[in-house]
Amino acid sequence: MIPLPRDFYLQDTIVVARKLLGKILIHNTPEGVISGRIVETEAYLRGDPACHANRGMTERNKVMFGPPGHAYVYFTYGMHFCMNAVTQPEGIAEAVLLRALEPLEGVELMRRNRKMNERKDLCGGPGKLTQALGVGRVHNGVDLTDSCLIVADSEEITDIVETTRIGIREFTDKPWRFYSKQHLEWVSRR
DNA sequence: ACATCGATCTACT
DNA sequence: GTAGATCGATGTA
């Protein structure tokens, strides 16, 4: 599995969000490899009130201001982690939220992490996929091109549905959520 | 110091 | 369709 190069994350963030569809997120854990195909993403841009970094750098969002190709993992709702891939050069805070995966390797580990058996319940949502892969606080800031958590190159998806983003209160009209039409069954919502 | 609420999920109606 | 869980980052005083 070849990690996507850092340059990949220097493209326009919306382009990155679309091109990440089909790619493979891989977590190498002591228990074994857990991986899935990315099938749903959202873009968060500068100047976007829904973007965590919009009001400047804070302790929580500082990874978004760092170099591209790193993971921005944050804790929310008192119980969930969400994972992003940071895009754009250092100093410019944009990112792509990973919202759903098609489970590939380590499905039994996912079942154990999630306390769920149905394949469809394992990775179909941003909080679900981090729990399934065992991704949390310690992964905030790790290098997605060279660490235990990587995004590997794979097929290009061309049949993409774009919709508005989920769970935000501002900029709700922007069509910056993307999912693969050929992986509908793994997507969090249609 | 303190109040608010979130890029969510589950269980229950 | 919606309430409740649960906690720390953030904004206001």
Side-chain angles (χ1 to χ4, degrees), chain A residues 9 12-18 20-21 23 25 34 36 38-66 68 70-88 92-103 107 109-142 144 149 151 160-180 185-190:
Chain A
Y9 302 96
D12 184 287
T13 298
I14 290 181
V15 171
V16 175
R18 300 177 71 102
L20 277 175
L21 298 177
K23 304 301 185 284
L25 179 64
I34 314 180
I38 299 167
V39 298
E40 178 181 345
T41 60
E42 283 180 1
Y44 286 86
L45 279 58
R46 58 187 189 274
D48 167 6
C51 175
H52 284 175
N54 189 242
R55 287 167 218 212
M57 184 159 59
T58 67
E59 191 56 32
R60 176 172 72 159
N61 67 25
K62 63 183 179 186
V63 171
M64 288 187 75
F65 289 84
H70 287 248
Y72 167 47
V73 180
Y74 67 91
F75 182 66
T76 191
Y77 290 106
M79 56 182 75
H80 300 295
F81 291 98
C82 293
M83 169 178 176
N84 297 253
V86 173
T87 60
Q88 302 300 303
I92 298 178
E94 301 191 353
V96 175
L97 172 68
L98 306 185
R99 287 197 54 92
L101 309 175
E102 170 195 357
V107 172
L109 290 170
M110 291 185 185
R111 290 198 168 108
R112 198 200 301 171
N113 290 340
R114 291 273 301 127
K115 301 180 171 67
M116 294 261 171
N117 286 318
E118 290 295 318
R119 278 180 98 92
K120 289 189 297 283
D121 295 332
L122 295 177
C123 297
K128 296 180 186 177
L129 74 89
T130 54
Q131 187 178 37
L133 269 69
V135 167
R137 220 177 290 283
V138 297
H139 299 96
N140 189 33
V142 303
L144 294 173
L149 188 62
V151 177
I160 297 173
V161 180
E162 63 179 51
T163 76
T164 54
R165 294 172 294 177
I166 293 174
I168 57 170
R169 308 187 54 126
E170 299 177 284
F171 259 42
T172 52
D173 59 320
K174 302 299 174 192
W176 291 341
R177 171 174 175 254
F178 307 96
Y179 61 84
S180 165
E185 66 176 307
W186 306 111
V187 166
S188 68
R189 303 195 202 176
R190 319 186 191 179

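Within every chain, numbering begins at 1; the chains are lettered A, B, ... in the order of the sequence lines, protein sequences first and strands thereafter.
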Open item on the list: Per the salt bridge (charged side-chain N to carboxylate O under 4.0 Å, His left out) rule, what does the pair list look like for residues 112-138 of chain A, sequence neighbours excluded?
Closed with: A:E31-A:R112

TODO: Using a heavy-atom cut-off of under 4.0 Å over every strand shown, decide if A:L97 touches base, sugar-phosphate, or nothing.
DONE: base

TODO: Return the value, rounded to whole Å, for the distance between atom CZ of A:R189 and atom P of B:dT8.
DONE: 8 Å

Task: Span that lies between the P atom of B:dA7 and that of C:dG1, in whole angstrom - done: 22 Å

Task: Nearest-0.5 Å distance that lies between atom CD1 in A:I38 and atom CZ in A:F178 - done: 14.0 Å

TODO: Round to the nearest Å and state the distance from A:K120 atom NZ to B:dT10 atom P.
DONE: 14 Å

TODO: Walking along DNA chain C from 5' to 3', note the first and the last nucleotide with an atom under 4.0 Å from a heavy atom of chain A, and give both.
DONE: C:dA5 to C:dT10

- [ ] Determine the contact category for A:G78: base if any of its heavy atoms lies under 4.0 Å from a base atom, sugar-phosphate if only primed atoms, P, OP1 or OP2 are that close, otherwise nothing.
- [x] base

Task: Phosphate OP1/OP2 of B:dT10 contacted by A:K115 side-chain N/O (<4.0 Å) - done: no

- [ ] Rounded to the nearest angstrom, tell me the gap between atom NZ in A:K128 and atom P in B:dC9.
- [x] 6 Å

TODO: Would you mind checking if A:E40 and A:R189 are paired as a salt bridge, meaning a charged N to carboxylate O distance below 4.0 Å?
DONE: no

- [ ] Starting from P on B:dG6, measure out to CZ on A:R165 and report it in whole angstrom.
- [x] 15 Å

TODO: Could you tell me the separation between the CZ atom of A:R55 and the P atom of B:dC5, rounded to a whole number of Å?
DONE: 13 Å

Open item on the list: What contact category does A:R114 fall into here, base, sugar-phosphate, or nothing, at under 4.0 angstrom with non-hydrogen atoms?
Closed with: sugar-phosphate

Open item on the list: For a quick check of understanding: with a heavy-atom distance under 4.0 Å over all strands, which category does A:M116 fall into, base, sugar-phosphate or nothing?
Closed with: sugar-phosphate

Task: P spacing across the pair B:dC2 / C:dT6, given as an integer number of angstrom - done: 23 Å

Task: A:R169 side-chain N/O to B:dA7 phosphate OP1/OP2 under 4.0 Å - done: no

Open item on the list: Does the plane of the ring in A:F81 sit parallel, tilted or perpendicular to the ring in A:F75? Use 30° and 60° as the thresholds.
Closed with: tilted

TODO: Figure out the CD/C1' separation between A:E94 and B:dA7, and round it to whole Å.
DONE: 15 Å

- [ ] Identify the two heavy atoms, one from A:A43 and one from A:T13, that lie closest to each other, and give their separation to 0.1 Å.
- [x] CB-CG2, 4.1 Å

Task: A:H80 NE2 - B:dC9 P separation (whole Å) - done: 6 Å

Task: N/O donor-acceptor pair under 3.5 Å between A:S180 side chain and A:V39 backbone - done: no

Task: Shortest non-hydrogen contact between A:P103 and A:M110, atoms and distance - done: CB-SD, 3.7 Å

Open item on the list: Tell me whether A:R165 forms a cation-pi arrangement with A:Y44, defined as NZ or CZ under 6.0 Å from the six-membered ring centre and within 45 degrees of its axis.
Closed with: yes

- [ ] Would you check if the side chain of A:N61 reaches a backbone N or O of A:G56 as a donor-acceptor pair within less than 3.5 Å?
- [x] yes

Task: A:H52 side-chain N/O to B:dA7 phosphate OP1/OP2 under 4.0 Å - done: yes

TODO: Select base, sugar-phosphate, or nothing to describe what A:Q131 touches, counting heavy atoms under 4.0 Å on all strands.
DONE: nothing

Open item on the list: My validator wants the stems of DNA chain B: runs of 3 or more consecutive Watson-Crick or G-U pairs, both distances under 3.5 Å, written as range with range.
Closed with: B:1-6 with C:7-12, B:8-12 with C:1-5

- [ ] Could you give me the CA-CA distance, side-chain angles and deciding distance for A:V86 and A:Y9, then say whether side chain to side chain contact (heavy atoms under 4.5 Å, CB included) is met?
- [x] CA-CA 7 Å; A:V86 173; A:Y9 302 96; over 6 Å; no

Task: Rounded interatomic separation in angstrom, taking CD from A:E118 and C1' from B:dT10 - done: 15 Å

